[in-house]
Protein chains: 2
Amino acid sequence: MEIEEMLKQKDLKITPQRMAILTVLKNTRSFLSAQELFQEVIKILPGTNFSTVYRNLDVLLGKGLLCRVPSDTADLYELRREEGHHHHAVCKGCGASIPVDFCPMESLAKELGRKGFLPTEHCFEVYGLCERCRDGKK
Amino acid sequence: MEIEEMLKQKDLKITPQRMAILTVLKNTRSFLSAQELFQEVIKILPGTNFSTVYRNLDVLLGKGLLCRVPSDTADLYELRREEGHHHHAVCKGCGASIPVDFCPMESLAKELGRKGFLPTEHCFEVYGLCERCRDGKK
DNA sequence: ATAAATGCAAAGGATTTGCACTAAG
DNA sequence: CTTAGTGCAAATCCTTTGCATTTAT
């Protein structure tokens, strides 16, 4: 299976909890908070502990298997898919997230490099209202 | 004084606490967490309460006098200066922040608009190592 | 006068941690 | 066997809130 391969490649042990976490992330289109993720995980693997989820989010993030974006209350997580790097436009009305292929770092990395700055991470997220929510608020 | 004008323009009452908060923010080059800000504020105005700082950060943010950027642990705040909108490259080594004039929304707003999405806020921050810290780590 | 702002203390919510136990390699 | 991973419960950290009091306008 593919998830198992991902874990092996990163020298991570294959545990039921990890499988459950990655399965949920894989089957989720938009991103999830740790809490939402946990709720889904215990449907698949009841008894899984909350701290296990948190600890794994850290580990998986550190191994580059996930990406994290900041949000109002809690951070949100998403499986990093092969397709490549992208960002999101998140609707503050309904929570829907529209993928955005454009990445500002492409234009900026060189310029920062000239100033001696070495970018290692970045965050770019857009918040607003999607068409439906925008119309509803009129 | 200038801070007082800012408050008046926004229909906010001029209180010693607010003055202290804005004074600290004004005298700070990079941005501060709420906790850091609080530590500075009580040097100027001892006895100022923690919740007062938080409440004012909310108010001032709502009035557009500040901007907020997400960070590892806590959100960071900065006085919004006249010069206009900009972003930052933050060094994970020493915390220094380099202002970045480029704003990705300029290129993206139209494209999102075509999709019906109305952007209201956005976050763009770059993290990495500045020249000094990068060399130190070699 | 009166509505906004503050202080205080307590609550809330997200995340982390210590420790003993379990299980993957 | 050995180390990473887990469960549990408690702790921590950041932030918010209710309420009585004070203060700016």
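Below, each value reflects all heavy atoms present in this structure, side chains not excepted, and no hydrogens, waters or symmetry copies. Order of the sequence lines sets the chain letters (A, B, ...), proteins ahead of strands, with each chain counted from 1. Everything numeric here is computed off the predicted structure, so don't read it as measured data.
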For a quick test of reading the model: is some side-chain N or O of [X] closer than 4.0 Å to OP1 or OP2 of [N]?
X       : N      : answer
A/Asn49 : D/dA9  : no
A/Gln35 : C/dA14 : yes
A/Thr15 : D/dT6  : yes
B/Tyr54 : D/dT15 : yes
B/Ser51 : C/dA9  : no
B/Gln17 : D/dT23 : no

Can you check the [X] [atom1] to [N] [atom2] distance for me, whole Å?
X       : N      : atom1 : atom2 : result
B/Met19 : C/dT6  : CE    : C1'   : 17 Å
B/Leu32 : D/dC14 : CG    : P     : 14 Å
B/Ile42 : C/dG7  : CD1   : C1'   : 14 Å
A/Ile21 : D/dG5  : CD1   : C1'   : 11 Å
B/Asp11 : D/dT25 : CG    : P     : 11 Å
B/Leu12 : C/dA3  : CG    : C1'   : 13 Å
A/Phe50 : C/dA14 : CZ    : C1'   : 8 Å
B/Glu4  : D/dA24 : CD    : C1'   : 12 Å

Starting from the 5' end of DNA chain C, give me the residue, A/Asp58 or B/Asn56, whose nearest nucleotide shows up first. B/Asn56

What closest approach, in Å, do B/Glu78 and B/His88 show between heavy atoms, and which atom pair accounts for it? OE2-NE2, 3.0 Å

Reading DNA chain D from 5' onward, which residue's closest nucleotide shows up sooner: B/Ala74 or B/Lys8? B/Ala74

How would you label the contact of B/Arg55 with the nucleic acid (heavy atoms, under 4.0 Å): base, sugar-phosphate, or nothing? base

Should the side chain of B/Lys13 and the base of D/dT23 be counted as holding a donor-acceptor pair, with the cut-off at 3.5 Å? no

Same cluster (ILVMFWY, side-chain, under 4.5 Å), A/Ile98 and B/Leu108: yes

Tell me whether A/Leu65 is reachable from A/Leu37 by hopping between hydrophobic residues (I, L, V, M, F, W, Y) whose side-chain heavy atoms are closer than 4.5 Å. yes

Distance flag, aromatic centroids of B/His122 and B/His85, threshold under 6.0 Å: yes

Side chains of B/Gln35 and B/Tyr54: any donor to acceptor distance under 3.5 Å? yes

